[in-house]
Amino acid sequence: MADSKPKKTVFSGIQPTGDLHIGNLIGAISLWVKEQDKHDNIFCIVDLHALTYPEEIQAERLKSNSLDVAALYLACGIDPEKSLVFIQSQVRQHSELAWMLNCVTPMGWMNRMTQFKSKSEGRETVGVGLYAYPILQAADILLYHADLVPVGEDQRQHIEITQDIAERFEHLFGYHFTRPEILVRQVGARIMGLDDPEAKMSKSASKSGHAIRVLDPPATILKKLKSAKTDSRTAVDASDLSPGVRNLVTIYHAFAGGSWDSALKRFDGSGYGALKTGVAEAVIAGLEPVQRRFHEIRDDEAGLVRFLTRSAEAAAERAEATMRDVRKAVGVW
Ligand code: TYM
């Protein structure tokens, strides 16, 4: 089925929880934009996934965060002429397929999900939704017969289980879902926290020096980078990068473009002060147009909502075409 398509279908999404950071931008959105012309693209704001931490939900805030994320997709260069951008909860078929996939996914597979372990750690109550989270993600992807899923490295296990679920579904019901493949950046698929280069940069970390947010003002970006953790040396040694220094060069490389070698050469022998200023300049210059466009798009909320609703209708048509066959295969009405 996938082979007969003129273009590959790409599907990816981001949760509208907290502010997007440069890890999301580098690991995911930059890949979407780069490959956009080649493919049939679907980019989703996955608000149903955000419900997996129900204690943290404020209904109006969640709705508004979804619009922020949509505006950021567009501001980062996602072109509505080439890509479908919509909010997951507006296409009901995601929840419907997720239920069917819940029923076919063995608990043993789910027990191996490493993100569940880290995401549930230290929480008094953990909902079943957090446990089943990867299955909703599988439904997102399979519903559109996606061939490629451009994401950060942390999502690899979720894409692998999506392939397994598709296979088991086919084995049980004879319906064939396209098996999706992960697409990750060679450099920058895992951006680390500025305060702790051993930990992935994450939306949920509360320390202010941990992540650079896409909407941070220039002075904040500079301040955060200046206090980024490096090591006990004073200058960059390109032949032996510690995790903190490697992370800074990786961020520079993602924003400045060019090759990894040229990024390394640019800073080899530089003091850490100069490295941090150089990285800050590249990040500030890269984010400036994104921030400007974000405000233009977000300020016209009614226009943005109209656009997203139209896109959701188009997505729902595609999703419904899949679901008609899936319902038939499983025997529900
Ligand atoms: P989320 O919202 O946690 O992250 C969104 C995207 O950003 C990437 N990412 C990173 N990349 C590099 N370095 C980092 N520090 C970093 N942090 C996050 C993530 O890998 C992701 O690509 N489960 C997904 C959302 C989702 C989804 C989907 C993705 C739901 N359905 C279907 C693809 C296809 C998630 O929580 O992403």
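We count ligands from 1, going down the list as the structure has it; atoms in each ligand are counted the same way.
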Task: N or O pair under 3.5 Å between His158 and ligand 1 - done: no

- [ ] Kindly confirm or rule out an N or O of Met192 lying under 3.5 angstrom from an N or O of ligand 1.
- [x] no

Task: Test log, rule ring-ring contact (aromatic ring centres under 6.0 Å, His included), inputs Phe267 and His253 - done: CA-CA 11 Å; Phe267 292 113; His253 167 256; over 10 Å; no

- [ ] Pick one of side chain, backbone, both or neither for how Ile141 approaches ligand 1, counting any non-hydrogen atom pair under 4.0 Å.
- [x] side chain

TODO: Identify the protein heavy atom lying closest to atom 31 (N) of ligand 1, giving its residue, its atom name and the separation to 0.1 Å.
DONE: Asp140 OD2, 2.7 Å

Task: Where ligand 1 meets Ser12 - atom numbers and elements under 4.0 angstrom, heavy-atom basis - done: 33 (C), 34 (C)

Task: Beyond-backbone contact of Val236 with Tyr272, side-chain heavy atoms, under 4.5 angstrom - done: yes

Open item on the list: If we count only N and O atoms by modelled type, under 3.5 Å, do the side chains of Lys34 and Ser30 hold a donor and an acceptor together?
Closed with: no

Open item on the list: Using a plain distance cutoff, I'd like to know if Gln155 has any nitrogen or oxygen under 3.5 Å from a nitrogen or oxygen of ligand 1.
Closed with: yes

TODO: Do me a favour and list the nearest non-hydrogen protein atom to atom 25 (C) of ligand 1 with residue, atom name and distance?
DONE: Gly13 O, 3.6 Å

Open item on the list: Does any N or O of ligand 1 fall below 3.5 Å from an N or O anywhere on Glu153, backbone included?
Closed with: no

Open item on the list: Tell me the protein heavy atom at minimum distance from atom 13 (N) of ligand 1, and give that distance in Å.
Closed with: Ile191 N, 2.8 Å

Open item on the list: Would you say that more than 12 heavy atoms from the other residues, nucleotides or ligands in this model lie under 6.0 Å from the NZ of Lys8, or not?
Closed with: no

Open item on the list: Can a donor-acceptor pair be found, under 3.5 Å and without considering hydrogens, that links the side chain of His49 to the backbone of Gln137?
Closed with: yes

- [ ] Please check if Tyr144 and Leu136 belong to a single hydrophobic cluster, counting links between Ile, Leu, Val, Met, Phe, Trp and Tyr side chain heavy atoms closer than 4.5 Å.
- [x] no

TODO: Could you tell me which atoms of ligand 1, counted from 1 in the order shown, lie closer than 4.0 angstrom to a heavy atom of Lys203?
DONE: 1 (P), 2 (O), 3 (O)

Open item on the list: As an exercise, identify every atom of ligand 1 less than 4.0 angstrom from a heavy atom of Ala28.
Closed with: 6 (C), 7 (O), 22 (O)

Task: Pro150, any N or O under 3.5 Å of ligand 1 N or O - done: no

Open item on the list: Show me which atoms of ligand 1 lie under 4.0 Å from any heavy atom of Val149.
Closed with: 33 (C), 34 (C)

Task: Closest to atom 27 (C) of ligand 1 among Arg185, His94, Gln137 (heavy-atom distance) - done: Gln137

Task: Identity and separation of the nearest protein heavy atom to atom 18 (C) of ligand 1 - done: Asn24 ND2, 3.3 Å

TODO: Identify the protein heavy atom lying closest to atom 19 (C) of ligand 1, giving its residue, its atom name and the separation to 0.1 Å.
DONE: Asp154 OD1, 3.4 Å

TODO: Starting from atom 10 (C) of ligand 1, locate the nearest protein heavy atom and write down its residue, its atom name and how far away it is, to 0.1 Å.
DONE: Gly23 O, 3.5 Å

- [ ] Taking only heavy atoms of Tyr133 into account, list the atoms of ligand 1 that are under 4.0 Å away from them.
- [x] 23 (N), 24 (C), 25 (C), 35 (C), 36 (O)

Open item on the list: Tell me if the CD atom of Glu317 is crowded by more than 12 foreign heavy atoms within 6.0 Å.
Closed with: no

TODO: For the pair Gln163 (side chain) and Thr178 (backbone), establish whether a donor and an acceptor sit closer than 3.5 Å, ignoring hydrogens and angles.
DONE: no

Task: Those atoms of ligand 1 less than 4.0 Å from some heavy atom in His49 - done: 30 (C), 31 (N)

Task: Pair Tyr175 + Phe177: ring centers closer than 6.0 Å - done: yes

Open item on the list: Polar contacts were defined as any N/O atom of the residue lying under 3.5 Å from an N/O atom of the ligand; does this apply to Val151 and ligand 1?
Closed with: no

Open item on the list: Determine whether the aromatic ring centres of residues Phe116 and His158 are separated by less than 6.0 angstrom.
Closed with: no

Task: Phe11 ring center near His39 ring center (under 6.0 Å) - done: no

TODO: Could you tell me which atoms of ligand 1, counted from 1 in the order shown, lie closer than 4.0 angstrom to a heavy atom of Gly27?
DONE: 11 (N), 12 (C)

Open item on the list: Tell me whether Lys200 has any N or O atom under 3.5 angstrom from an N or O of ligand 1.
Closed with: no

Open item on the list: Show me which atoms of ligand 1 lie under 4.0 Å from any heavy atom of His21.
Closed with: 17 (N)

Task: CH2/Trp99: more than 12 non-hydrogen atoms of other groups inside 6.0 Å - done: no

Open item on the list: Taking CZ in Arg292 as the centre, count heavy atoms belonging to other residues, nucleotides or ligands within less than 6.0 Å. Is the count above 12?
Closed with: yes

TODO: Record the part of Cys44 in heavy-atom contact with ligand 1 below 4.0 Å; permitted values are side chain, backbone, both and neither.
DONE: neither

TODO: Measure Arg190 to ligand 1 on non-hydrogen atoms and call it side chain, backbone, both or neither using the 4.0 Å cut-off.
DONE: backbone

Task: Donor-acceptor under 3.5 Å (Asn41 side chain, Val10 main chain) - done: no

Open item on the list: Please report whether ligand 1 has a polar contact with Gly152, defined as an N or O pair separated by less than 3.5 Å (distance criterion only).
Closed with: yes

Task: Glu181, CD: over 12 other non-hydrogen atoms inside 6.0 angstrom - done: no

